[in-house]
Protein chains: 2
Amino acid sequence: MGLKGKKVLIADDEPDILEIIQYNLEREGYETSTAKDGDEALAKAKSEKPDLIILDIMMPKKNGIEVCQILRSQPAFKDVLIIFLTALSDETSHIKGLETGADDYVSKPISPKVLLSRVSALFRRANKGPGDRVIQLETLTIDPDRYEVLANTNNVTLAKKEFELLYLLASKPGRVFLRNEILNQVWGNDVIVGGRTIDVHIRKLRQKLGMDCITTIKGVGYKFDL
Amino acid sequence: MGLKGKKVLIADDEPDILEIIQYNLEREGYETSTAKDGDEALAKAKSEKPDLIILDIMMPKKNGIEVCQILRSQPAFKDVLIIFLTALSDETSHIKGLETGADDYVSKPISPKVLLSRVSALFRRANKGPGDRVIQLETLTIDPDRYEVLANTNNVTLAKKEFELLYLLASKPGRVFLRNEILNQVWGNDVIVGGRTIDVHIRKLRQKLGMDCITTIKGVGYKFDL
DNA sequence: TTTCATTTTACGGGTTTTTTAAGGCTATTT
DNA sequence: AAATAGCCTTAAAAAACCCGTAAAATGAAA
């Protein structure tokens, strides 16, 4: 599960639109998937757990507003980012949309540049990158764009999983991450790995970082603290 | 030389339109040249290196979209500003146009005011004069206008893909490019090439440049660093 | 068409990363 | 004190990934 690979689900009934958006998002390094109606959107939202859902308002089966309402009513999707697409003149939808809990709103016809900037603005606001994703904590700097870690003025080279693990923990200093949470975030929901895998990675991190910043909470999980 | 000193190439098969646009742009201080079909547009783009190209979609020889695609496929024109002109109702073209990599889109009948504001907005956004495309990093110079690379005082000749790959990486030194990003940017996301293709090009680059400036990050991608 | 350069594929080999496994340690409970 | 649970440590197996080379395919020029 990559760092940049924010997953975006795009739902629209017009294949052309779908394609343009997908093309442009993938160019920027996002992972994408698509749905062509409301029901499919709901299903894929559940199965793929995207970070952002771009919803056309006018769709067969269920329209975007309905989809949004259903999602928002479930705790698991309370924080998913949602952008509505809609016809220019459709002012009412705009209002309804934001009322329903959308995070932003882009009107058709779509300009890819506009959409992209909204998307990245949204991620930035939600503190999920790309862009301002550097974590800086006292003597430790973690830069996922450069894939570099600076600990006490010396550059530390981390392998992929190590890096992602550190990034996760450091993203919310002081907060405890359950083992399960870590597995889901770093390894992905569907990947099954043995129970000791996390330990080993934690150990390597502590070793490589050379500073005591990861605390074990027995029977619960780990937390990052400086 | 006008106060703005920006060169604009206008391509349209209707002399009237050509004249109106040219007149208005020159009033604002732009240098202009014109073409009346796709082939002429391509030729003049190459010979005159304009900063902005205004392309009518419907043209003899080659239509605007074709011209745009051809230009965009060449590194030298990857960043030229392009505005499409088209008939109002032509929604499909709009989509196709932006997909093809146009920067903006103005529909006929043209209002000079609208066009001028779009043009200046575009330049404001782009905010870069000619010559800005050269990348200069310590002992390495990459010039996409001349298609040349200077590494440690010796001229290195790169093939097209090699050059584009290097240019991409060097455009953001230190930043990691995922394999997917590289594929999308250099190859285009509709082209399907095997996974090892990037490796080979990276290898050739390292070989030809004779300097150790490309770093592999296993499982993630590559980055350029000096 | 032929020729030549570029681009892509194929694949063995080697390296790094990731995972598993097993024994040891420590704190907590009985 | 013994038993237990949970994590640490280490080592080694397994998997993933990339390099280098060479050959095949593609495309451009003569």
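Below, chain A is the first sequence line, B the second, and so on; all start at residue 1. All heavy atoms count here, side chains included; hydrogens, waters and symmetry mates do not.
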For the pair made of [atom1] in [X] and [atom2] in [N], what is the distance, rounded to whole Å?
{"X": "A/Lys160", "N": "C/dT19", "atom1": "NZ", "atom2": "C1'", "answer": "15 Å"}
{"X": "B/Asp199", "N": "C/dC11", "atom1": "CG", "atom2": "C1'", "answer": "13 Å"}
{"X": "B/Ile198", "N": "C/dT7", "atom1": "CD1", "atom2": "P", "answer": "14 Å"}
{"X": "A/Ile192", "N": "D/dA15", "atom1": "CD1", "atom2": "P", "answer": "15 Å"}
{"X": "B/Leu166", "N": "C/dT6", "atom1": "CG", "atom2": "C1'", "answer": "17 Å"}

Donor-acceptor pair between B/Asn152 and B/Thr139 side chains, under 3.5 angstrom: yes
message: Whether the side chain of B/Lys218 and the base of D/dC17 hold a donor-acceptor pair under 3.5 Å is what I'd like checked.
response: yes
task: Kindly indicate whether a cation-pi arrangement holds for B/Arg179 with B/Phe177, taking the cut-offs as under 6.0 Å to the six-membered ring centre and within 45° of the axis.
output: no
- prompt: Parallel under 30°, tilted from 30 to 60°, perpendicular over 60°: which one fits the rings of B/Tyr147 and B/Phe163?
  reply: parallel
Looking at [N], I'd like to know if its phosphate oxygens (OP1 or OP2) sit under 4.0 Å from a side-chain N or O belonging to [X].
{"X": "B/Thr197", "N": "C/dT7", "answer": "no"}
{"X": "A/Arg196", "N": "C/dA21", "answer": "no"}
{"X": "B/Thr216", "N": "D/dC17", "answer": "no"}
{"X": "B/Arg179", "N": "D/dC18", "answer": "yes"}
{"X": "B/Tyr222", "N": "D/dC17", "answer": "no"}

message: Can you list, in residue-number order, the parts of residues 200-210 of chain B that come under 4.0 Å of DNA chain C, counting heavy atoms only?
response: B/Val200, B/His201, B/Lys204
statement: Output for pair (A/Lys223 NZ, A/Leu169 CG), nearest 0.5 Å, gives 12.0 Å
- prompt: Taking side chain as C-beta onward, heavy atoms only, is B/Phe224 less than 4.5 Å from B/Leu168?
  reply: no
- prompt: Can a salt bridge be assigned to the pair B/Lys204 and B/Asp199 using a cut-off of 4.0 Å between side-chain N and carboxylate O?
  reply: no
message: Under 4.0 Å, heavy atoms only, any strand: does B/Lys161 hit a base, just the sugar-phosphate, or nothing?
response: sugar-phosphate
field: Enclosure of B/Asn154 CG (heavy-atom neighbours >12, cutoff 6.0 Å)
entry: yes
query: Of all the choices, D/dC7, C/dT18, C/dT7, which nucleotide is nearest to the side chain of A/Trp187 once you look at every atom?
result: C/dT18
field: DNA chain C: 5'-proximal contact among A/Val193 and B/Glu162 (nearest heavy atom)
entry: B/Glu162
